[in-house]
Amino acid sequence: MSDLPEQRSESVFDDFKSAYTSAQAVVEANRCLYCSDAPCITACPTAINIPEFIRKISTGNLRGSANSIFASNVLGMSCSRVCPVETLCMGDCVYNEMGVPPIQIGKLQRYATDNAYEKGWSFFEAGADTGKSVGIVGAGPAGLACAHELRRFGHAVTIYDKRDVPGGLNTTGIAPYKLRADKSMAEVEWVLQIGGIHIEHGVDVPGNTSWDDLSAKHDALFLGFGLGPDSVLDLPGNGATGVHGAVAFIEAFKTGQVDLANVRNAIVVGGGNTAVDAVRELLGLGVPNVKMVYRGAEPAMSGYAHEWREAKNEGARAVWHAQPVGFAGEGSVTGLQCVRTDDAKRPMPGTEHTIAADLILVAVGQAKLGDLVAGLSGVETEWGKILCEEDGATGKPGVYAGGHCRNGGKEVVNAVAEGRDAARAMNKYLGGV
Amino acid sequence: MPSLKTNCAGITSPNPFWLASAPPTNSGEQIQRAFDAGWGGAVWKTLGSPIQNVSSRFGAIRWKGSAGVGFNNIELITDRPLDVNFREIYETKKKYPEHAIIASLMVETREEGREIIKRSEDAGADGLELNFGCPHGMCERGMGSAVGQEPAVNERITSWVKEFSNVPVLVKLTPNVGDIVPHGLAAQAGGADGVSLINTIKSIIGVDIDNFVPQPVVGTKSSNGGYCGAAVRPIALHMCASLARDPRFNVPISGIGGITNWRDAVEFILLGSSSVQVCTEVMLHGYRIVEDMNEGLLNYMKEHNFETIDEMVGKAVPALSDWGNLDLNYEVVAKIDETTCIGCQNCMVACHDGAHQCIHPNADLTVRVPTIDLDECVGCNLCQIVCPVPDCISMVEVDNGFAPASWNEHVDQGQPLRHKKGSH
């Protein structure tokens, strides 16, 4: 594992949602109705016992509160910051039914988990050695959650990751006003406290290590290698300087530095959450004019409405009903050529126009990596995603999967749930109880 | 327009809201501010030989972020010179002739009593209140609740106070007894013009669990205190009503104990109090709370067509009865308003674990509004109590076809009783 560079462009970002003081946390915790069979639990992919952890904050049992969170979600610290709580737990808080502001579950969870980190509390011990070994491909949220759960059962775990830094998208992709890369690294270290999880960096399967090698070394495998590179817009002028895939660009400024000093006008192409993140990030990094260019109308965009609302508050603008047809500029990009689209997102001839830009980020999706598992006979894919049973089992006995490579691009919390549940299924497969 | 004018045992005031003898009535300056804020009367912080207090003195129960639903103190009577207190009583009475000023007294000897009564009356006190209730500190010296717990002593001291006094005398009763009635009757027999109740309840408010010392902490020790605040109201209401419904007891009551607002005051009045005294809520929130008390009481009187406080006094006492007279055939069941239910299901868990297992998940699992098995519902109120939405759960009367029948009627006259529910 290599350290992150000290100087990273993302360091200019502060937390968008502030941390609670203990006084604020207790006031909010006291508001919780402590519902029975609470809908917030059902809304949480990892099914954290939310009313219980909140009650423990109100009684002063902070250690127990953190324990309740981590018992269901070992990445509870990052999830408290990056989860779209507005559409998950908080969105289902019964107070919404009453027209009363819902409980700030994310902020309370952050309060409890931050305290655990600060005070150095640890909650888990590795199980007695079972003599079984599991190989995990990908040190992102799914792989880490899986590894941690496997260690609790006593299985040996090695994680293989092609990058130098662990954490997957939590380190390289999460908007820095939610979670900076150093915080993600701290979380990895916290998870590794359980002991016995080895991470081998620079391992690219099947690039420099074959599936056969891995299969020979381990009794079971977990696939959590995420998604591939940004999809490109294969349009005239692509390749001009200043055109980047959004995910690659975000990774660059989160794990290092980018120079935006001469950028006046930036465009982000897309309408999903990566696009919205990129818009807010460019604004935060100091680009004066940032526009999102999207083929449809505002209600049709797949990015979260609450995130886009914040982007607008921060100064973002959008060009709706515009479809890129080419990149303008000789060598360096100077603009995005578009046509207008109709309500069905179909281009309307004769509406060609150019929107000036000296930086264009393309956020129209990422490659699915189903092809990577071609060498694992029995593992099936569909639209590039690995097909799994509910417990994460693929078509090949002993091989399980979770996270983006399986779900195509859901939240961190989904990856944690899939990794954890796969570990439980793998334990049974390995003869555990 | 209804009138709030009050007459309790011959002590008159512009409204029934009196400050109880306690820190808020420690000085003339305070009481004058209280009268300006709208209080009708004040019972002066108990007078006697000035004492030395400890530090710290108070403790409180915290519940869901609010402190003081229950409160406790180990402060004693006045620690200020008697001369100063009497001068301030004089000045205050002169400035506020319509307001009631009652001197609370606690003395060790008859001679001391005669002296302090005379000086109180000379200062202009409208009445006296004998502190027979304080359950901490003073009782160890043979005063306070040590007196109030012995009906014979209570009666004797009351009678000599009456001998010396020319103004109405209230005896303040301690709740630290098994049955309040003999103590109220003793005060009455001693000639008291009225009683005030309750004083505080002997209590330990809590423990410093890190240092193993009860609270309030005085260095390395603590002592029992007197419990008050909203949490004691049910006990006070019961004692007030116990005296009010006893046919032998017929002097006025000044109700005390956990009164926080006009609604609480109405409850005391309906159970027999002709004035009410407030301390803890003022200590927590200041004299200003009386604005809402006066206004709320007046609005209540208008809504119920009461012209005077007297018309209200004891209005709910006849409805208080022994359990054996309750109608066993009266039946209510819970009903959930589906339109306002927010689906917290706290009624369900409460019924399941704490009552009679008759609230169930909706048959349609996508709907979080629970359903009630009316054949099993015993009508206990628990679901209504835990529901966070006002008026969402109501208790609805059921016509079961049975004529009213109490246990006593059933035993004496064989009145048929309806089938028991939830008893299998």
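Just so we're on the same page: letters track the sequence lines, and every chain starts at 1. Note that the coordinates shown come from a computational prediction; the quantities given were computed from them, not determined experimentally.
- Between chain B and the options C35(A), S58(A), A38(A), C93(A), heavy-atom pairs under 4.5 Å are most frequent for C35(A).
- For a residue to count as touching a neighbouring chain, one of its non-hydrogen atoms must lie under 4.5 Å from one of that chain's; by this rule P51(A) does not touch chain B.
- Applying the side-chain contact (heavy atoms from CB on, under 4.5 Å) test between Q24(A) and each of V27(A), V26(A), T21(A) identifies T21(A) as the sole match.
- The structure places CG of D373(B) at 8.5 Å from NZ of K421(B), a figure rounded to the nearest 0.5 Å.
- Note on ring orientation: taking the six-membered ring where Trp is involved, the planes of F70(A) and F124(A) are perpendicular (angle over 60°, cut-offs 30° and 60°).
- At a 4.5 Å heavy-atom cutoff, the contact between R368(B) and chain A is made by side-chain atoms alone.
- With rounding to the nearest 0.5 Å, the separation of OH in Y227(B) from CD1 in I204(B) is 13.0 Å.
- For C32(A), the part sitting under 4.5 Å from any heavy atom of chain B is the backbone (N, CA, C, O) and nothing else.
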